[in-house]
Amino acid sequence: MGKFSSDAKELLAAIGGKENITAVSHCITRMRFVLTDPKNADIKRIEAIKSVKGTFTQAGQFQVIIGNEVADFYKDFTEVSGVSGVSKSEVKSMSKQNQNILQRLMTSIAEIFAPLIPAIVVGGLILGFRNVIDSMEIFGGATLVSQSQFWAGVDHFLWLLGEAVFHVGIPVGICWTIMKKMGGTEMLGIILGLTLVSSQLTNAYAVASAMANGTLNQWNFGFIQVNMIGYQAQVLPAMLAAFTLAYLERFFKKIVPQVVQMILVPFFSLLFAVMAAHFVLGPIGWRIGSWISAAVYAGISGSYRVIFGAIFGFFYAPLVITGLHHMSNAIDIQLIADFGGTMLWPMIALSNIAQGSAVLGMIFLQRRSAKAKELNIPSCISCYLGVTEPAMFGVNLKYVFPFICGMAGSCVAGIISTATSVTASAIGVGGLPGILSIQPGSIAMFAVCMAVAVVVPFALTYMAGKRKGIDKEAEDEALKEEAAEKAKAEHSPVDFMAFLTGKTVAITEVPDATFAEKVLGDGIAIEPVDNILVSPVDAVVEQTMEGSNHAIGLIMDNGLEILLHIGLDTVAMNGEGFTIHVAEGDRVKMGQELITFDPEKIRAAGHPVTTIMVITNGEGYETFRFDAGLEVKAAENVIAHAE
């Protein structure tokens, strides 16, 4: 049994069982599901699981936030569920059936840029460090580079990485990811990207001066001349070229005979794609990208920049929920290419900080609740370090008002950021480390914005939470937790009486893998000779299967949860032959009638009548004994014991 086996079993049951899972994988903090029917997932039950920090649905995927131990949880889940995990790309592909057109577009953009983010972050950190040593005059009015040959050498060397990421890596990486996404030959995508940044071409950053002094090189075909322009750090030219290559390769595969495809398909696909890129698509993409970045730059730096900052700062967090925020990566990269920096990304970092600060307010409000602290503290830390999902979906959206307070704080910080033209050299780590990517002249004001993004959401959340009585609720929750722990320590032994008359059978002999392999928990079965299912213990009816009436869930006062399941695969009978005598929330005594069923109808439908009792939650008890091979009478004989 793994560390999370018990929670994994509970999640499997709450998510609708194995049959409701089309695909499952995990990322750095979340379990990602594609569900057959998302409505079958019991959200409240899932979020009550100890290991679960929250849930949300995005891009057609039902995602369960676990945290940093998600890999261990995923391993235990696949073991107890018998569901084979698939890759994230397969999950994304399957999830598209649940997406609208806009969501599919945003997902596609995200899939193009997501593989590039680690390199872009590395490049951003390097540029940020270079800013500190070669641009900040903090050493007696001089830079560190000017004072030390060693640091001058470090600065020179680090540009090797910075140039590789931003000048070469972005166009080449985009071409590669698009070819990979489109199922094309990835190496051709890499070659195409390299032709966009070849040293034979005039560097994109030198084009303006070369055109001004008449030194721009050209390809001269006699009847036409084409400018030899490089597309360093350009996004749209690379995207247009790569999609053209992908579709050209598909086209030539259809018309070229199989015997010569290996030679002709890559040759013609790459040749025509490179021609299209430099003759048509590159100039068009450059112009469109420049228009977009110019429009955004005008909004950020123009007369109404404060309004732009307020709107973007306030609404960025909701954009994250929809997935539309992925578009900002492309815009940031284009701004950096055109203007040498981006004023958009600092506001993104500030939004992350603001949401983390709202969680910080909840930490203080709920400081007495151990259960709340288990979620709040790691969520706040991860948010401050740039991973926002646990904070937003696990805490802020759960209560709503912290999310809005975070938006308000981000709005104020965004106003100050745009009013003072805070600029980043590159995309960095969203959150507190983001200050490393800020240009030297903007670091002081960004620090002020960070302080605002911490103080305002924290104060608003704390005051609003006080008015709503969140602190009182946390105190009550703490008292309940203490009482539960005390009750857990005082669990007394439990005898489970026969729930039917018949012969007891070991659960491992039940002809159904879910029960026999104890996916839902350990237990025992009875081959019945009567037709009245009775309660084996005093308990409360926790769940009934409305419509099928073939099973019932009970919960005892000590927390033990019991599933009673009549027959195998009898859910397919849609309630025919089953009559339930209790309702959810009813308190029942041991021996009380729960369900009457017709064994002959069950057999006639082709199902075994074997009836199973499963202990789905045995926390607080160390040992269980199940007595198989006995002839028993309902409510008179002990069939199991826990202590």
Side-chain angles (χ1 to χ4, degrees), residues 53-58 63 65 106 296 299-300 304-329 331-332 342-366 375-376 379-420 422 424 429-432 434 445-446 448-468 470:
K53 295 175 173 59
T55 66
F56 65 98
T57 299
Q58 187 182 75
Q63 303 189 26
I65 304 168
M106 292 301 106
V296 174
I300 298 175
Y304 301 100
R305 60 186 178 185
V306 171
I307 297 175
F308 183 96
I311 294 173
F312 188 86
F314 188 78
F315 287 107
Y316 180 76
L319 288 179
V320 174
I321 299 173
T322 65
L324 294 174
H325 67 297
H326 293 298
M327 180 68 76
S328 65
N329 291 324
I331 296 173
D332 274 320
T342 171
M343 287 188 279
L344 194 66
W345 186 82
M347 289 191 287
I348 293 173
L350 293 170
S351 177
N352 292 351
I353 294 170
Q355 290 296 323
S357 300
V359 179
L360 185 63
M362 293 299 291
I363 290 174
F364 276 81
L365 286 167
Q366 299 176 311
L375 172 60
N376 293 347
S379 296
C380 180
I381 293 172
S382 68
C383 197
Y384 278 153
L385 296 178
V387 181
T388 59
E389 287 89 348
M392 285 177 55
F393 295 103
V395 182
N396 293 348
L397 283 170
K398 180 180 179 180
Y399 294 94
V400 180
F401 76 89
F403 184 70
I404 297 173
C405 292
M407 291 168 61
S410 176
C411 174
V412 176
I415 290 172
I416 299 172
S417 179
T418 50
T420 56
V422 172
V429 179
L432 297 177
M445 282 311 304
F446 186 74
V448 172
C449 294
M450 288 172 62
V452 170
V454 170
V455 173
V456 173
F458 172 81
L460 291 177
T461 301
Y462 188 79
M463 289 187 292
K466 275 282 191 180
R467 291 188 64 181
K468 290 178 175 290
I470 298 297

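Basis for what follows: all heavy atoms, side chains included, without hydrogens, waters or symmetry-related copies. All figures in this text were calculated on a predicted structure; none of them were measured in a lab. For this chain, numbers begin at 1 and follow the sequence in order.
In this view, K466 and D471 satisfy the salt bridge (Lys or Arg N to Asp or Glu O under 4.0 Å) rule, not counting sequence neighbours. In this structure, N352 has no side-chain hydrogen bond (donor to acceptor under 3.5 Å, both in side chains) partners at least two apart in sequence or on a different chain. For the side chain to side chain contact (heavy atoms under 4.5 Å, CB included) test, no residue two or more places apart in sequence or in another chain qualifies with V455. Residues forming a ring pair (Phe, Tyr, Trp, His ring centres under 6.0 Å) with F364 (at least two apart in sequence, or on another chain): F458. Residues that satisfy the side-chain hydrogen bond (donor to acceptor under 3.5 Å, both in side chains) test with Y462, not counting sequence neighbours, are absent from this structure. Applying the side-chain hydrogen bond (donor to acceptor under 3.5 Å, both in side chains) rule to S379 yields no partners; only residues at least two apart in sequence or on another chain are considered. Not counting sequence neighbours, the partners of L460 by the side chain to side chain contact (heavy atoms under 4.5 Å, CB included) test are C405, A408, V456, M463. Qualifying side chain to side chain contact (heavy atoms under 4.5 Å, CB included) partners for F314, counting only residues two or more places apart in sequence or in other chains: M407, C411. Partners of I470 according to the side chain to side chain contact (heavy atoms under 4.5 Å, CB included) rule, which considers only residues two or more places apart in sequence or in another chain, are M362, L365, Q366, Y399, F401, K468, E473.
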Determine, stepwise, if the pair V422 / M343 fulfils side chain to side chain contact (heavy atoms under 4.5 Å, CB included). CA-CA 6 Å; V422 172; M343 287 188 279; 6.0 Å; no
Start with the C-alpha gap between T420 and F446, add the side-chain angles, then the distance that decides, and say whether side chain to side chain contact (heavy atoms under 4.5 Å, CB included) holds. CA-CA 9 Å; T420 56; F446 186 74; over 6 Å; no
Side chain to side chain contact (heavy atoms under 4.5 Å, CB included) between V359 and N396: does it pass, once the steps are laid out? CA-CA 7 Å; V359 179; N396 293 348; 3.3 Å; yes
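A side chain to side chain contact (heavy atoms under 4.5 Å, CB included) with Q355 holds for exactly one of P457, C380, C383, P402; it is C383.
At least one side-chain heavy atom of S357 sits under 4.5 Å from a side-chain heavy atom of Y384. Annotation: side chain of I65 is not in contact with side chain of T55 (no heavy-atom distance under 4.5 Å).
Residues L344 and I300 share a closest heavy-atom pair of N-CD1, 3.8 Å. Taking all atoms of both residues into account, the shortest heavy-atom contact from G434 to W345 is CA-CH2, 3.5 Å.
To the nearest 0.5 angstrom, T342 atom OG1 is 7.0 Å from I348 atom CD1. Between atom CD1 of residue I381 and atom CG of residue L360 there is a gap of 10.5 Å, rounded to the nearest 0.5 Å.
Within the structure, salt bridge (charged side-chain N to carboxylate O under 4.0 Å, His left out) contacts touching residues 344-356 (residues at least two apart or in different chains) do not occur. Sorted by first then second residue, the side-chain hydrogen bond (donor to acceptor under 3.5 Å, both in side chains) pairs that include residues 400-419, not counting sequence neighbours, number zero.
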